[in-house]
Amino acid sequence: MKIGILALQGAFIEHKYMLDKLGVESFEIRQKKDLENNMDGLILPGGESSVMGKLLRDLDLFDILKNKIENGLPVFGTCAGMILLAKEIDNDDRRHFSTMNIEVKRNAYGRQLGSFSIISDFKGIGNVEMVYIRAPYVNKVLSDDVEMLSIVEDKITAVREKNMLAVAFHPELTSDSKVHEYFINMIKENNEN
Ligand code: GLN
């Protein structure tokens with residue numbers, strides 16, 4: 001199994017460390033030729049969705065990756081990665097991959113709660129540490145296919161729709177690898193089918 005990590009900007013290296021710890025091979029996606037690698041899954045890290053969205057287009061990665069996601073490649077978006085996947089963004093005119101039936105709100109927690117950490121339940125795996133940094137949350141799910149995996153203080157912060165997993169927080173910034181293991185299981189299931 002080999003996972004591609006979008007490495008244009010933001011917190012990508014922490015995902016690599018997490019995958020290293022789990023013994024899963026990964027590579028960084030910085031330019032078009034990196035997409036010649038076979039990949040069983042894709043990680044879209046946290047950072048700034050607007051910057052990543054622009055770089056994805058400027059570097060000619062956008063259409064290729066969108067296509068792969070639409071064709072069922074397992075993808076895991078964290079924080080800005082969730083925004084890249086969302087079909088609707090409440091407070092931004094930009095749209096990116098728009099593959100996931102969710103409406104998100106960027107920087108949704110306001111200034112005072114810009115960053116915080118909480119231990120909360122993630123469906124199927126139990127309590128996990130969730131680090132939120134200028135995070136979005138899911139305002140609305142736009143299809144019954146979207147499964148809500150975590151709700152923190154009445155806000156939806158983790159969702160799955162088919163091959164897509166998106167979380168508003170940063171599991172890669174903790175020592176808890178359970179959410180990454182959840183994604184790896186999605187890849188295993190996909191590879192078996
Ligand atoms: N605020 C960022 C955005 O809107 C997301 C923050 C993050 O990824 N930690 O893209």
Side-chain angles (χ1 to χ4, degrees), residues 3-12 15 28-32 34-35 37 39-109 122-123 132-152 155-172 179-180 182-183 186-187 189-190 193:
I3 297 181
I5 305 173
L6 188 67
L8 303 178
Q9 190 262 339
F12 53 85
H15 282 287
E28 293 179 1
I29 302 171
R30 296 172 180 275
Q31 49 184 319
K32 209 169 170 180
D34 297 327
L35 297 177
N37 279 290
M39 83 173 123
D40 301 290
L42 168 67
I43 290 182
L44 305 173
E48 277 301 318
S49 54
S50 48
V51 177
M52 277 193 263
K54 181 173 187 319
L55 289 171
L56 278 165
R57 289 171 176 97
D58 290 351
L59 296 164
D60 249 353
L61 300 169
F62 186 85
D63 290 336
I64 305 173
L65 290 177
K66 181 173 161 87
N67 231 301
K68 285 183 188 287
I69 298 168
E70 282 173 343
N71 285 318
L73 178 73
V75 58
F76 177 22
T78 58
C79 202
M82 171 187 261
I83 299 168
L84 292 178
L85 290 171
K87 223 163 235 177
E88 293 297 334
I89 307 171
D90 182 27
N91 50 350
D92 196 334
D93 292 336
R94 280 164 288 217
R95 298 290 178 273
H96 307 289
F97 293 126
S98 300
T99 47
M100 198 167 191
N101 280 303
I102 52 174
E103 178 187 289
V104 299
K105 182 171 181 185
R106 289 183 69 193
N107 303 323
Y109 291 90
F122 190 107
K123 193 172 170 192
Y132 293 82
I133 304 172
R134 298 181 56 241
Y137 56 64
V138 178
N139 256 347
K140 233 187 266 173
V141 301
L142 307 172
S143 157
D144 290 344
D145 290 337
V146 179
E147 188 184 5
M148 290 175 250
L149 298 174
S150 92
I151 295 176
V152 175
K155 308 294 184 212
I156 306 163
T157 64
V159 280
R160 173 170 180 186
E161 181 181 5
K162 299 176 184 151
N163 57 316
M164 296 172 280
L165 174 68
V167 304
F169 49 92
H170 286 269
E172 78 287 3
V179 182
H180 284 77
Y182 181 99
F183 179 55
M186 280 172 59
I187 298 177
E189 278 166 24
N190 184 57
N193 291 329

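Just so you know, residue 1 is the first one in the sequence shown, and it goes up from there.
- Atom CD1 in Ile3 sits 10.5 Å away from atom NE2 in His15 (nearest 0.5 Å).
- Ile187 CD1 to Met39 CE: the interatomic distance, rounded to the nearest 0.5 Å, is 10.5 Å.
- For NZ of Lys66, the number of neighbouring non-hydrogen atoms (other residues, nucleotides, ligands) closer than 6.0 Å is greater than 12.
- Counting heavy atoms from C-beta on, the side chains of Lys155 and Tyr109 come closer than 4.5 Å.
- Scanning both residues, Ala168 and Pro136, for their nearest heavy atoms gives CB-O, 3.0 Å.
- Atom CD1 of Ile5 is separated from atom CZ of Arg30 by 10.5 Å, given to the nearest 0.5 angstrom.
- Residues Lys105 and Asn91 bring no donor and acceptor atom of their side chains to less than 3.5 Å of each other.
- Atom CZ of Phe122 sits about 8.5 Å away from atom OG1 of Thr157, to the nearest 0.5 Å.
- Scored by the side chain to side chain contact (heavy atoms under 4.5 Å, CB included) test, Lys140 finds Glu103, Leu142 as partners (sequence neighbours excluded).
- Closest approach of Glu172 to Ala11, counting heavy atoms only: OE2-CB, 3.8 Å.
- Contact of the Phe183 side chain with the Pro171 side chain is not registered, since no non-hydrogen atoms from C-beta on lie closer than 4.5 Å.
- Met52 is not listed as a side-chain neighbour of Leu44, based on a closest heavy-atom distance of 4.5 Å or more.
- Minimum interatomic distance between Gly46 and His170 (heavy atoms only, all atoms of both residues): CA-CE1, 3.8 Å.
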Side chain to side chain contact (heavy atoms under 4.5 Å, CB included) between Leu35 and Leu61, intermediate numbers included: CA-CA 8 Å; Leu35 297 177; Leu61 300 169; 3.6 Å; yes
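- Other residues, nucleotides and ligands contribute more than 12 heavy atoms inside 6.0 Å of the CG atom of Asn71.
- For the pair Ile69/Leu85, a side-chain contact is recorded, criterion being any heavy-atom separation below 4.5 Å from C-beta on.
- Take Phe169 and apply the ring-ring contact (aromatic ring centres under 6.0 Å, His included) test, not counting sequence neighbours, and it matches Tyr132.
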From CA spacing to verdict: side chain to side chain contact (heavy atoms under 4.5 Å, CB included), Leu149, Leu165: CA-CA 9 Å; Leu149 298 174; Leu165 174 68; 3.6 Å; yes
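- The local environment of NZ in Lys54 is sparse, with at most 12 non-hydrogen atoms from other residues, nucleotides or ligands closer than 6.0 Å.
- Of all the heavy atoms in Val167 and Ala158, the pair that sits closest is CG1-CB, 3.8 Å.
- Taken to the nearest 0.5 Å, the CG atom of Asp34 stands 8.5 Å off from the CD atom of Glu28.
- Looking at every heavy atom in both residues, Ser49 comes nearest to Ala80 through N-CB, 3.6 Å.
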Residues Asp145, Glu161; criterion side chain to side chain contact (heavy atoms under 4.5 Å, CB included); working and verdict: CA-CA 6 Å; Asp145 290 337; Glu161 181 181 5; 4.0 Å; yes
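- Considering only heavy atoms from C-beta on, Phe12 stays 4.5 Å or farther from Ile43 through its side chain.
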Met164/Thr99 under side chain to side chain contact (heavy atoms under 4.5 Å, CB included): CA gap, chis, key distance, verdict: CA-CA 9 Å; Met164 296 172 280; Thr99 47; 3.5 Å; yes
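- The only option from Ile64, Asn37, Leu6 that meets the side-chain contact (heavy atoms from CB on, under 4.5 Å) definition with Ile29 turns out to be Leu6.
- Within the 4.5 Å cutoff, the side chain of Lys123 has no heavy atoms near those of the Arg160 side chain.
- What you find for Asn190 and Pro74 is that their closest heavy atoms are ND2-CD, 3.4 Å.
- Residue Phe62 holds its CZ atom at 13.0 Å from CG of Leu55, rounded to the nearest 0.5 Å.
- Ion pairing between Arg106 and Glu48 holds under the 4.0 Å rule for side-chain N and carboxylate O.
- Between Leu56 and His96 there is no side-chain heavy-atom pair separated by less than 4.5 Å.
- Residues Ile102 and Met82 are in side-chain contact: their nearest non-hydrogen atoms beyond the backbone lie under 4.5 Å apart.
- Each of Asp63, Asp60, Asp58 was checked for a salt bridge (charged side-chain N to carboxylate O under 4.0 Å, His left out) with Lys32, and the lone residue meeting it is Asp60.
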